[in-house]
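Everything below concerns the one structure shown next.
Indexing begins at 1, ligand by ligand and atom by atom, following the structure's order.
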Amino acid sequence: MIVPIDLKKQEDLSYEIFIEDLKDLTYERKVAIVTNPTVAGFHLETVKNKIKASELIVIELPDGEQYKTLDSVNEILNQLLENRFNRKSLLIAFGGGVIGDMTGFAASIFQRGIDFVQIPTTLLSMVDASVGGKTGVNNKYGKNLIGVFHQPKAVHIDINFLKTLPSREFGAGVAELIKMAVMFDRDFFSWLEKNDLKEKENLIYAVKRSVELKAEVVSKDEKEQGIRAVLNYGHTFGHVVENETAYKEYLHGEAVGIGMCMANIVGSKLGLFTKEELKRVENLLKKYDIPTSYQIQNPQKFYEAFFLDKKSTDSKIKFIFPNGIGDFLVRDDVEKETIIKVLENFSKEN
Ligand code: NAD
Ligand code: GLY
């Protein structure tokens with residue numbers, strides 16, 4: 001006997017991303033703002049004044065990637081239960097990508113899933129982490145290994161929060177913007193070369209364009225079965241750099257900047273990228289003090305570390321290359337020797 005369960009109907013997960021001065025937000029339900037002391041110190045009063053809810057609580061978690069753990073998520077869940085939150089309640093992630101990823105994950109598992117909203121406060125979280133519903137935590141085996149896709153109900157991006165962001169953190173966000181331009185939009189890349197993101201109007205335009213590009217990708221491929229993997233350009237190399245330096249030397253976006261330069265050089269060896277294009281990407285990264293070089297100690301070991309990446313299968317490494325500026329190519333057939341040669345150059349020249 002066979003008993004079918006018909007689950008083909010898809011829930012509508014659509015949502016809007018508002019890029020504007022934060023407006024008044026009214027919720028007729030219990031709301032918890034999840035944040036950390038750094039962000040709260042600068043901006044909690046501003047955000048609290050904008051939110052009306054039947055009950056509003058604030059959950060503060062310690063600041064730092066090292067606290068992106070199941071323990072911190074458990075702390076969110078405990079505070080929700082202590083305050084008798086229910087299935088109608090709402091979480092608001094107010095912070096950078098660390099807070100966003102953990103809040104989204106807590107929302108996805110609290111009473112089998114409740115709504116959450118993103119109010120990102122770093123450039124990286126505005127252009128990348130707050131959009132697309134990847135949520136989760138790290139554990140001792142690696143970064144972001146535990147998590148689910150859980151889309152927010154809305155994303156509210158207000159670049160005024162960036163006034164207090166340290167400049168290195170700003171640069172790390174710019175690296176992700178540049179990533180989007182190199183992969184998807186040649187004109188946007190040229191625009192970035194000509195304009196200064198320290199100007200407010202320029203920054204608003206760049207955030208908008210980058211979010212549009214990411215939204216398009218996520219709309220086509222929510223669960224990274226295809227094109228969404230292109231957003232990992234620079235990450236395959238960058239993750240190894242982060243790992244080798246124990247996550248202490250480079251911010252994630254900075255490691256992605258280095259990773260993009262490495263991917264570009266391999267791409268040029270494969271005839272996908274010219275020397276001039278290499279230089280253009282490098283110069284744009286340098287304009288925002290994003291590192292472009294890294295001393296590889298042991299190319300062989302660096303290569304082996306690619307296999308720890310959760311996007312690699314047992315025997316094949318999936319690389320994302322630019323195919324000229326504004327286009328991409330995914331390859332899993334690049335000869336080990338080609339990659340090793342590039343890595344050896346990074347160990348000599350830089
Ligand atoms: P972060 O959240 O650690 O924030 C960086 C630092 O800036 C922190 O110390 C934070 O307290 C501080 N900060 C935040 N807003 C501030 C403000 N307005 N003024 C002053 N200081 C402020 O780091 P991040 O770069 O925002 O995010 C990185 C995390 O995002 C990583 O855990 C990464 O895995 C994740 N991520 C997720 C996705 C996704 O799709 N879900 C995408 C990219 C990155
Ligand atoms: N940061 C990559 C993604 O959202 O898929």
Will you find, in the side chains of T121 and H43, an N or O donor that is under 3.5 Å from an N or O acceptor? no
Pick one: which of F319, F273, F184, Y233 meets ring pair (Phe, Tyr, Trp, His ring centres under 6.0 Å) with F328? F184
Salt bridge or not for K341 and E344, using N-O below 4.0 Å? no
Side chains of Y15 and Q151: do they bring a donor and an acceptor to under 3.5 Å? yes
If we number the atoms of ligand 1 from 1 as shown, the ones under 4.0 Å from a heavy atom of D128 are 42 (C), 43 (C)
Should you measure from each heavy atom of K68, which atoms of ligand 1 turn up under 4.0 Å away? 31 (C), 32 (O), 33 (C), 34 (O), 35 (C)
Which of these, F42, F161, Y247, has its nearest heavy atom closest to atom 18 (N) of ligand 1? F161
Pick from P37, G104, A129: the one approaching atom 39 (C) of ligand 1 most closely through a non-hydrogen atom: A129
Does the distance from a Lys or Arg side-chain N to an Asp or Glu carboxylate O, for D289 and R168, drop under 4.0 Å? no
With atoms numbered from 1 as shown, which atoms in ligand 1 lie under 4.0 angstrom from a non-hydrogen atom of K214? 40 (O)
When you measure from atom 31 (C) of ligand 1 to every protein heavy atom, which one gives the shortest distance, and what is it? E65 OE1, 3.2 Å
Are K153 and F116 packed together at the side-chain level, in the sense that at least one heavy-atom pair is separated by less than 4.5 angstrom? no
Between the side chains of K279 and E282, is the shortest nitrogen-to-carboxylate-oxygen separation below 4.0 Å, so that they form an ion pair? yes
With atoms numbered from 1 as shown, which atoms in ligand 1 lie under 4.0 angstrom from a non-hydrogen atom of K143? 34 (O)
Check the pair E277 / T274 against side chain to side chain donor-acceptor pair (under 3.5 Å), numbers first and verdict last. CA-CA 5 Å; E277 287 169 324; T274 63; 3.3 Å; yes
Minimum non-hydrogen distance to atom 1 (P) of ligand 1, winning option of L124, D63, V98: V98
For ligand 1, which atoms have a heavy atom of H43 less than 4.0 angstrom away? 18 (N)
If we count only N and O atoms by modelled type, under 3.5 Å, do the side chains of T69 and D71 hold a donor and an acceptor together? no
Do E242 and K143 make a side-chain contact, defined as non-hydrogen atoms from C-beta onward lying under 4.5 Å apart? yes
In terms of residue, atom name and distance, what is the protein heavy atom nearest to atom 1 (N) of ligand 2? D128 OD1, 3.1 Å
In this structure, CE of M180 is separated from CD of E212 (nearest 0.5 Å) by 10.5 Å
Options K134, M102, M126, Q66, ranked by nearest heavy atom to atom 41 (N) of ligand 1, top entry: K134
Looking only at protein heavy atoms, what sits closest to atom 22 (C) of ligand 1 is L165 CD1, 3.7 Å
Within 4.0 Å of some non-hydrogen atom of N144, the atoms of ligand 1 are 34 (O)
Hey, are the side chains of I92 and T103 touching, using non-hydrogen atoms and a 4.5 Å cut-off? no
Nearest option to atom 19 (N) of ligand 1, as decided by whichever heavy atom of T164, D158, I99 sits closest: T164
If you measure every N or O of G97 against every N or O of ligand 1, does any of those distances drop under 3.5 Å? yes
Quick one: nearest non-hydrogen protein atom to atom 26 (O) of ligand 1, plus distance? T122 OG1, 2.6 Å
Does any N/O atom on H252 come nearer than 3.5 Å to any N/O atom on ligand 1? no
For atom 15 (N) of ligand 1, what's the nearest protein heavy atom and its distance? T121 OG1, 2.7 Å
For a 4.5 angstrom cut-off between non-hydrogen side-chain atoms, does V342 reach F237? no
Nearest non-hydrogen contact with atom 37 (C) of ligand 1 belongs to which option: V256, V131, D101, T135? D101
At less than 4.0 angstrom from any non-hydrogen atom of E169, what atoms of ligand 1 do you find? 5 (C), 6 (C)
Pick from G253, G96, P166, G136: the one approaching atom 21 (N) of ligand 1 most closely through a non-hydrogen atom: P166
Near K214 (heavy-atom distance under 4.0 Å), the atoms of ligand 2 are 1 (N), 3 (C), 4 (O)
N232 N/O to ligand 2 N/O under 3.5 Å: no
To the nearest 0.5 Å, what is the distance between CD1 (I178) and CG (L197)? 8.0 Å
